[in-house]
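Have a look at the structure below before the remarks.
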Amino acid sequence: MNSLPNSDLMYFSFNFDAMNNAKHILVTGGAGYIGSHTVVQLIESGYTPVIVDDLRNAHAKSLDGIKKITGKEIIHQPIDVCDLTALEKVFSNYSFEGIIHFAAYKAVGESVEQPLKYYRNNILGLVNVLELAQKFNVKNIVFSSSCTVYGEPENEKVVTENSPIQIANSPYGNTKQIGEEIIQDFIKSGVDCKILNLRYFNPVGAHPSSIIGEFPLGKPNNLMPVITQTAVGKLPKITVFGNDYDTIDGTCVRDYIHVMDVAEAHVKGINWLKNQDKSLVEQLNIGTGKGTSVLELINTFEEISGQKLNWEFGPRRSGDVVEIFADVTKMLNLMNWKPNRTAKDAVIDAWNWEQKLTNDKK
Ligand code: UD1
């Protein structure tokens, strides 16, 4: 048989997909924390995710975990989303029904020290994804945004999607604001595309199987992994940043949402987008609607684990928002999504996951 030119090979790949009715979804950052949980739920909902992740900020074990949970082979392309040429090859090889764009840096403190690293990766990655979506006619896109766009809410601590956007208090936060603005301009240009900006509050927890979860590389910044790593002795103690805030107990209040609920929101989002005819962009809060203070989360952990944690009060962390939680009515009304798990469920799953990680290392 004569060898085929590349374009013919691509053609066969399209037809093969059509024959199999494979519903490919591009998931950038699909080996990461929220990405891996979303990939599992996409597979369980009949989609075939194509993970683009160069693993710079994720663990290859997540990919094994996804395979173990779902029993399916994983499509993984170890590509940097900022590499337009490499990314374009992926778009050429699949006919995507949708894109979920997670790939981005997310450490607030690091973004203050290395702003350009954040602007390059988070902005260029998004621009590349949008450019290729337009070129290859992919119409359904979910973008990872953050409640950080609300900054410190002025009056109400519970924010709706119409609450004012505040000046970002970190370059990381600014990349999310700019990302949303780029998407607004993209849609305004008349492009035939539908986009959801999902504004996550504080995703925590792990898959209930304890096969995948959060793999913080290096010392964690976020509260939940700090709690569980202190409990197993990886960290000596927890410093609670500030005890004199005007909140229920003087510590900051956040909306901790189970990562499985966050993942479900993405699948609902893709399903909903597919049923929309016209170009659109929607902002949506992804939280529980319930605020939990730092001390409340520590107490919940102690109750569940039956273990006293070594913690102490320290100074306030610069740039911290005092109190914020989500109004999630819009997600409920628009796509009948609501969180099915509590912060306590998330603590249980995060704790099981940390113990599994620790036992695996022994
Ligand atoms: C922030 C952003 C969020 C972003 C996330 C990425 C806001 C409101 N949230 O989350 O959008 O996606 O960063 O990492 O801007 N804490 C301690 N001790 C610790 C660690 C944390 O007391 O060792 C406290 C913090 O002061 C805060 C709470 O725990 O009050 C949660 O902190 P963290 O898990 O880092 O999340 P956010 O700062 O809320």
Side-chain angles (χ1 to χ4, degrees), residues 29 32-35 57 102 104-112 118 122 143-154 157-159 163 165-177 179-180 197-205 214-231 234-257 259 262 283 285-288 291-301 309-326 343 346-347 350:
Y33 175 42
I34 307 176
N57 213 6
F102 290 110
Y105 291 135
K106 61 150 203 156
V108 175
E110 184 188 55
S111 79
V112 176
Y118 275 68
N122 295 8
F143 171 62
S144 292
S145 189
S146 166
C147 70
T148 195
V149 300
Y150 299 116
E152 180 74 58
E154 266 165 15
K157 300 303 175 191
V158 50
V159 289
S163 296
I165 301 294
Q166 312 272 1
I167 291 172
N169 58 8
S170 72
Y172 156 76
N174 208 19
T175 65
K176 293 299 171 189
Q177 291 192 2
E180 287 198 4
N197 294 326
L198 298 191
R199 294 175 175 166
Y200 315 141
F201 281 66
N202 290 61
V204 287
E214 190 171 4
F215 279 105
L217 301 176
K219 190 178 178 297
N221 298 305
N222 296 114
L223 181 60
M224 186 64 97
V226 168
I227 288 178
T228 57
Q229 290 199 10
T230 304
K234 278 187 205 162
L235 292 175
K237 64 170 181 263
I238 303 165
T239 304
V240 174
F241 299 136
N243 62 352
D244 55 355
Y245 287 108
D246 182 17
T247 59
I248 178 175
D249 56 19
T251 65
C252 293
V253 172
R254 295 286 185 276
D255 186 335
Y256 296 95
I257 174 155
V259 67
V262 178
Q283 281 60 246
N285 285 345
I286 306 297
T288 64
T292 304
S293 75
V294 177
L295 284 187
E296 283 172 334
L297 200 70
I298 289 177
N299 289 339
T300 304
F301 180 86
L309 283 169
N310 185 17
W311 67 266
E312 63 179 16
F313 285 123
R316 291 179 172 195
R317 181 170 72 175
S318 116
D320 255 342
V321 165
V322 180
E323 179 163 6
I324 185 167
F325 48 99
V347 174

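Order of listing sets the numbers, starting from 1, for every ligand and every atom in it. Worth knowing before you read on, the calculation uses all heavy atoms, side chains too, and leaves out hydrogens, waters and symmetry mates. The chain is numbered in sequence order, starting from 1.
- Interface of Val226 with ligand 1, defined as ligand atoms under 4.0 Å from a residue heavy atom, comprises 23 (O).
- Side-chain N/O atoms of Thr247 and Glu323 include no donor and acceptor closer than 3.5 Å.
- Short contacts between ligand 1 and Lys106, defined as distances under 4.0 Å to a heavy atom of the residue, involve ligand atoms 6 (C), 14 (O).
- Atom 24 (C) of ligand 1 has Val294 CG2, 3.8 Å as its closest protein atom, hydrogens excluded (heavy atom only).
- Looking at Asn310, its side chain does come within 3.5 Å of a backbone N or O of Pro236 through a donor-acceptor pair.
- Of all the atoms in ligand 1, the ones that sit under 4.0 Å from a non-hydrogen atom of Asn202 are 10 (O), 36 (O), 37 (P), 39 (O).
- Using a 4.0 Å cut-off between charged side-chain N and carboxylate O, Asp246 and Lys157 make no salt bridge.
- Considering only non-hydrogen protein atoms, atom 11 (O) of ligand 1 sits nearest to Ser146 OG, 2.4 Å.
- The shortest N/O to N/O separation between Leu223 and ligand 1 falls below 3.5 Å.
- Protein heavy atom nearest atom 20 (C) of ligand 1, with residue, atom name and distance: Asn221 O, 3.3 Å.
- The shortest N/O to N/O separation between Thr239 and ligand 1 falls below 3.5 Å.
- A donor atom on one side chain and an acceptor atom on the other are found under 3.5 Å apart for Tyr200 and Ser144.
- Each of the following atoms of ligand 1 lies closer than 4.0 Å to a heavy atom of Asn222: 14 (O), 33 (P), 34 (O), 35 (O), 36 (O).
- Judged by distance alone, the side chain of Glu152 and the main-chain N or O of Val322 form a donor-acceptor pair under 3.5 Å.
- Taking atom 35 (O) of ligand 1 as the reference point, the nearest protein heavy-atom neighbour is Arg317 NH2, 3.0 Å.
- Taking the six-membered ring where tryptophan is involved, the planes of Tyr118 and Tyr172 are perpendicular, since the angle between them exceeds 60° and thus also 30°.
- Side-chain atoms of Asn285 do not come within 3.5 Å of backbone N or O of Cys147 as any donor-acceptor pair.
- Among the atoms of Phe241, some N or O lies under 3.5 angstrom from an N or O of ligand 1.
- Atoms of ligand 1 lying under 4.0 Å from any heavy atom of Thr148, numbered from 1 in the order shown and given with element: 11 (O), 15 (O).
- When only non-hydrogen protein atoms are considered, atom 12 (O) of ligand 1 lies nearest to Tyr172 OH, 3.0 Å.
- Of the protein's non-hydrogen atoms, the one nearest atom 1 (C) of ligand 1 is Val108 CG2, 4.2 Å.
- The protein heavy atom nearest to atom 26 (O) of ligand 1 is Asp320 OD2, 2.5 Å.
- Between the side chains of Lys106 and Asn221, no donor N or O sits under 3.5 Å from an acceptor N or O.
- Between the Asp255 side chain and the Thr288 main chain, a donor and an acceptor come within less than 3.5 Å of each other.
- When only non-hydrogen protein atoms are considered, atom 28 (C) of ligand 1 lies nearest to Tyr256 OH, 3.6 Å.
- There is no side-chain donor-acceptor pair under 3.5 Å between Asn222 and Tyr33.
- In this structure, of Ala107, Cys252, Ala104, Ser111, the residue bringing a heavy atom nearest to atom 30 (O) of ligand 1 is Cys252.
- Per-residue contacts place Val240 under 4.0 angstrom from the following atoms of ligand 1 (heavy atoms of the residue considered): 22 (O).
- Among all heavy-atom pairs drawn from Ser146 and Lys176, the shortest one is CB-CG, 4.2 Å.
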